[in-house]
Protein chains: 2
Amino acid sequence: MATIHHPDIDSVPLSALLAALSDPTRLEIVGKLAAGPCSCAEMDIDASKSALSHHVKVLRQAGVIHQRAEGTMRITTIRRNELDARFPGLLDSVLNATGPK
Amino acid sequence: MATIHHPDIDSVPLSALLAALSDPTRLEIVGKLAAGPCSCAEMDIDASKSALSHHVKVLRQAGVIHQRAEGTMRITTIRRNELDARFPGLLDSVLNATGPK
DNA sequence: CCTATAGTTCAATTATTTTTGAACTTTTGG
DNA sequence: CCAAAAGTTCAAAAATAATTGAACTATAGG
């Protein structure tokens with residue numbers, strides 16, 4: 001499998017990050033990930049496989065998440081440090097607003 | 001003119017706020033407003049009258065801005081206190097990321 | 001090897017958003 | 001009263017984005 005592409009976070013416009021986070025399903029995904037890394041299946045999201053794959057891709061392309069292949073799974077994590085460096089406080093306030101764990 | 005409607009900020013979902021802020025033109029508007037109240041014309045946005053009116057409406061419906069009629073103008077301001085109360089830190093981090101004036 | 005698992009991709013459809021321009025409403029200055 | 005200024009509204013068009021289901025790829029377990 002070709003390696004998964006992750007954008008340089010400095011190349012992501014703020015508007016693109018906000019667009020990625022503006023979807024309820026994706027906010028739910030990010031909320032789950034805030035608790036720790038997981039595979040798509042473990043996210044327990046109510047969406048078809050392909051829709052979920054799509055949403056995850058949008059988040060990846062916006063620099064929100066990182067994925068690494070592990071077996072047949074993709075282990076997904078939030079790019080917390082990088083996001084915090086580029087958009088200080090933003091992720092925290094979003095996570096805090098969704099549901100402070 | 002019928003009074004301008006502003007939603008109760010508690011009724012605005014986070015996803016709707018983020019969607020409103022996810023457009024470059026609207027981020028520009030909010031950036032301008034961060035410097036103080038102004039009319040649409042004063043915003044100096046590169047968009048047609050009706051497109052600008054549309055963007056401003058989206059921001060208003062998302063609870064981001066407040067408008068009051070003054071003569072033939074609408075004086076627009078950011079609903080800063082309310083936003084800060086409902087989504088602590090969010091607006092600040094967005095404004096900070098756009099261009100810390 | 002064979003099959004199940006986990007996810008991706010594709011093309012088609014549907015849905016939502018954005019943009020445009022023209023017509024309209026309000027308000028004010030002359 | 002009249003005209004200009006500042007926006008709004010509307011309908012149509014254009015552009016984006018989301019959802020589906022089927023076909024596909026890669027990996028691992030038996």
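From a predicted model like this one, the values you see are computed outputs, not experimental measurements. Chain A is the first sequence line, chain B the second, and so forth, proteins listed ahead of strands; every chain is numbered from 1.
Side-chain atoms of B/H6 do not come within 3.5 Å of backbone N or O of B/R60 as any donor-acceptor pair. No side-chain donor-acceptor contact under 3.5 Å links A/R79 to the backbone of A/I65.
The two residues B/D44 and B/K32 have their closest heavy-atom pair at O-NZ, 3.7 Å. Nearest heavy atom pair, residue A/Q61 against residue A/P7, reads O-CG, 3.5 Å. Considering every non-hydrogen atom in both A/R26 and A/A20, the closest pair reads NE-O, 2.7 Å.
Residue B/Q67 has its side chain nearest to D/dT8 when only C/dT20, D/dT8, D/dA18 are considered. Listed nucleotides D/dT27, D/dA5, D/dG7 differ in distance to A/T72; the shortest reach to its side chain belongs to D/dT27.
A straight line from NZ of A/K57 to C1' of C/dA6 spans 16 Å, rounded to a whole angstrom. Counting to the nearest Å, the C1' atom of D/dA18 and the CG atom of A/D46 are 15 Å from each other. In this structure, NZ of B/K49 is placed 13 Å from P of D/dA4, rounded to the nearest angstrom. Rounded to whole Å, the distance from CE on A/M73 to C1' on D/dT25 is 17 Å. Taking atom CD on B/E42 and atom C1' on D/dG7, their separation rounds to 14 Å, with Å as the unit. In this entry the distance linking NE2 of A/H55 with C1' of D/dT16 reads 14 Å, nearest Å. Atoms CZ (B/R60) and C1' (D/dT8) sit 10 Å apart, rounded to a whole Å. Atom CD1 of B/I4 is separated from atom C1' of D/dA6 by 12 Å (rounded to the nearest Å).
One cannot find a donor-acceptor pair under 3.5 Å joining the base of D/dG7 and the side-chain atoms of B/S53. Between the side chain of A/S50 and the base of D/dG21, a donor-acceptor pair under 3.5 Å is found.
At the phosphate of C/dT26, neither OP1 nor OP2 sits under 4.0 Å from any side-chain N or O atom of B/R74. Close to C/dT9, at under 4.0 Å from its OP1 or OP2, lies no side-chain N or O of A/H54.
As judged by a 4.0 angstrom heavy-atom cut-off over every strand, A/A51 is placed among the base-contacting residues. As judged by a 4.0 angstrom heavy-atom cut-off over every strand, A/T25 is placed among residues making no nucleic acid contact.
Annotation: of the two residues near DNA chain D, A/V58 and B/S39, the 5′-most nearest-nucleotide partner is B/S39.
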